[in-house]
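Read through the structure below, which is laid out as structure tokens, and then see the notes.
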Protein chains: 2
Amino acid sequence: MAATIKDVARLSGFSVTTVSRALNGHSDVSEETRKKIMEAAQALNYVPNRVAQQLVTKRANAIGLYSLDRETFQNQFITLMIAGMMDEVTIHDFNLLLFATQRLQTAEEMIMQCRQRGIGGAIISGVRLDEAWLGDLPKVDFPLVVVDVPVQGPRATYVSVDNVLGAQKAIDHLVSLGHRQIGMINGHSGAWVSHQRLAGYQQAVRAHGLPWKESYVFEGDFSKESGRKGAEHLLKVNPELTALFVASDLMAVGALEQLQAMGYAVPEQISVVGFDDQDFAIHVSPPLTTIRQEMYTFGRLAARELIQMIGDPSYIPQHVDLPCTLVPRGSTGPVGRTRGCSS
Amino acid sequence: MAATIKDVARLSGFSVTTVSRALNGHSDVSEETRKKIMEAAQALNYVPNRVAQQLVTKRANAIGLYSLDRETFQNQFITLMIAGMMDEVTIHDFNLLLFATQRLQTAEEMIMQCRQRGIGGAIISGVRLDEAWLGDLPKVDFPLVVVDVPVQGPRATYVSVDNVLGAQKAIDHLVSLGHRQIGMINGHSGAWVSHQRLAGYQQAVRAHGLPWKESYVFEGDFSKESGRKGAEHLLKVNPELTALFVASDLMAVGALEQLQAMGYAVPEQISVVGFDDQDFAIHVSPPLTTIRQEMYTFGRLAARELIQMIGDPSYIPQHVDLPCTLVPRGSTGPVGRTRGCSS
DNA sequence: GGAATCATCCGAAACGTTTCGGATAGGAGG
DNA sequence: CCTCCTATCCGAAACGTTTCGGATGATTCC
């Protein structure tokens, strides 16, 4: 069907070897013959068969993306990340393979699956801290980039936004608006980011010398419903709160709805800060103040780091810590205003 | 590094041929030797090298997804579709390759890219009607499934929801609530779905004998901003309108905001129906009544059809027309109520 | 008892590349 | 003139599979 290197050899009058070397830019072929070979290849519309190439060179020009958590996959988080990965991967002439939501039994299993297909490295997203094989990841001799879980080894690293800093920015913002009693709705403890965001919150609370009780923190599970519950619980137990820092936009929207249902005006009586800046954050009312993660950049850098590792076995992978930014919108305001004209 | 078929042959004491046939379940190998070979393979942790397999059998166990429109890629639409594709693909032991947002010059170019990599077929999403190579797609000898653009040939088909029916359901719903003056905000004409949704709207208007003027339809471009503009324009020109059918949720949210800014109460004075059922539809206020597309199923069926085509060259691909459903929520209500207590 | 059938097995070619280890010839150096 | 480079080219092996076309014995059939 398609032209092979033999056809090019035949048409140009040179050997298969020379054609290969000419096409791959090796030095021991004269300019004249290179030109002839190029022409022949052009005429036959020849493109090298990557499968054959891969078989002999073992060079893997593809990376895999494992998205292990179905829910992670359904939000916008991963979409932008994929877009970033795609763009980066394209630059390096790599391919991007997707692997379905699935329970991996062991790290080896995944690596087998990859090697078998000529995949040189993988990005893993949605790993929970209680995953049994998590500890094996750093030891493995296969380029790996993990998303939002700290993993580091000679061939493995991780990317994450600076969640501690993000939480601090949220609290700083609230403090600058005069808030002093600030509650937090956190995600579940299976996610590394939950611990980081909590740490950031606590550091900021301490740094600003804010009053604090253990009951100021509610552990949710990233669902909208848990945001709702968190808001209800926190304000029932601690009526003095004037602001909530919520560890995801989805939970923040739940909190928002619950607060409004309880008769609180946002932001006049209670301010709310989310995390992520998902697209719906600007569509709710009031629009959500949140901490934005640059997921597109995130994906690009993850892919870049991985491709770097694949290309150079001696490269020591670097942890990528992305900054995140506060996006002030309508759900936060100065403390202490009187009650608004809600119905 | 990894064990090859030769290692299995050596360990089990049989020839490479026999090992291959045993592992692939051919008939001319006795149960006894099959068992021995299986054991040897197990012991060596052998998995066949797919790259080598592919080189010889030309069977392509992978499909590609071309997402040609960056914006399409950024909404949830594609995410769920990918999830569906992944699940279907996994069942058939296929792989899913992603191709970056890009301008394709010709259909051949894409096919080359695929063949070169051992990809047996592709799903193409985000094609605009004015794409020059669109007409070539049906003629091409390469399994193709196009999303939301009618393409049909011996090796090509398309999947779409029944947009005409969806629009009709929206109008039926509004009519059942007593509405008779119904405007529409459409997407841009580069999208096939825009034409379909308009057709459904017009058919329903005619079927119900509703009053209609050309000025009842506003052509937007799927952006939130255009939804805003559309609402403003439609109600300025046609103050008698009591309902809007909007061809995407994003535009509908824009319309919602604009209507509220103009002092209209939704749904008391104006009802709004969106299209898509993106995740933010339930977070806006009032929650958006919309036409839901089952994107997950969409992706699954697209992948299934494609894999079917790849496996059986004589299979005549079927057009898949998914039903869509009305999801009634807070943005629609009976016509003719008096103005609510908005501030 | 010979031919035909059957159940098992295997050698070698093929898939389309890259690359190792030369081969050839012309020119430079002595 | 002989040797040694250098520049350019090529044959053949290798990558890890599948599969075509037998080969081998044992069994069945007439």
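Proteins come first, then strands; the chains are lettered A, B, ... in the order of their sequence lines, and each starts at number 1. Remember, it's a predicted structure, so these values are computed and weren't measured experimentally.
Under the 30°/60° scheme for interplanar angles, the aromatic rings of B:Tyr66 and B:Phe99 are found to lie parallel.
Contacts between residues 48-57 of chain A and DNA chain D, counted as heavy-atom distances below 4.0 Å, involve A:Leu55, A:Val56.
In this structure, A:Glu31 places its CD atom 15 Å from C1' of D:dC9, rounding to the nearest Å. Note: CD1 (A:Ile37) to C1' (D:dC10) measures 12 Å, nearest angstrom. The distance between atom CD of B:Glu32 and atom P of C:dC9, rounded to the nearest whole Å, is 8 Å. Residue B:Lys6 contributes atom NZ, which lies 13 Å from atom P of D:dT18 at whole-angstrom precision. In this entry the distance linking CG of A:Asn24 with P of C:dG16 reads 17 Å, nearest Å. As a whole-Å value, the separation of B:Met112 CE from C:dG16 P is 14 Å. For the pair B:Gln116 CD and C:dG16 P, the computed distance is 14 Å after rounding to whole Å. Atom pair A:Asp28:CG and D:dC10:C1' shows a separation of 10 Å (rounding to whole Å applied).
Here A:Val47 lies in heavy-atom contact (under 4.0 Å) with sugar-phosphate atoms only.
One distance of note links CD of B:Gln308 with CD1 of B:Ile316; it measures 11.5 Å at 0.5 Å rounding. Considering OG1 of B:Thr4 and CG of B:Leu44, their distance stands at 9.0 Å, rounded to 0.5 Å.
Nearest nucleotide to the side chain of A:Arg21, out of C:dT19, D:dT17, C:dT18: C:dT19. Among the nucleotides C:dT17, D:dT18, C:dC9, the one closest to the side chain of A:Ile5 is C:dT17. Set against D:dC9, D:dT19, C:dT17, the side chain of B:Ser20 has D:dT19 as its closest nucleotide. Checking C:dT8, C:dT18, D:dC15 against every side-chain atom of A:Lys58, the shortest atom distance belongs to D:dC15.
Side-chain to base pairing of B:Thr17 with C:dA12: one donor and one acceptor N or O lie within less than 3.5 Å of each other.
No donor-acceptor contact under 3.5 angstrom links the side chains of B:Tyr158 and B:Glu305, judged on distance only.
Using a 4.0 Å cut-off between charged nitrogen and carboxylate oxygen, B:Glu39 and B:Lys35 do not count as a salt-bridge pair. Salt bridge A:Glu131/A:Arg128: absent, no basic N to carboxylate O contact under 4.0 Å.
Without hydrogens or angle criteria, B:His92 side chain to B:Phe94 main chain gives no donor-acceptor distance under 3.5 Å.
Contact annotation: B:Thr18 reaches the phosphate of C:dC10 (side-chain N/O to OP1 or OP2, under 4.0 Å). In this model, the phosphate group of C:dC9 is approached by a side-chain N or O of B:Thr33 to a distance below 4.0 Å at OP1 or OP2.
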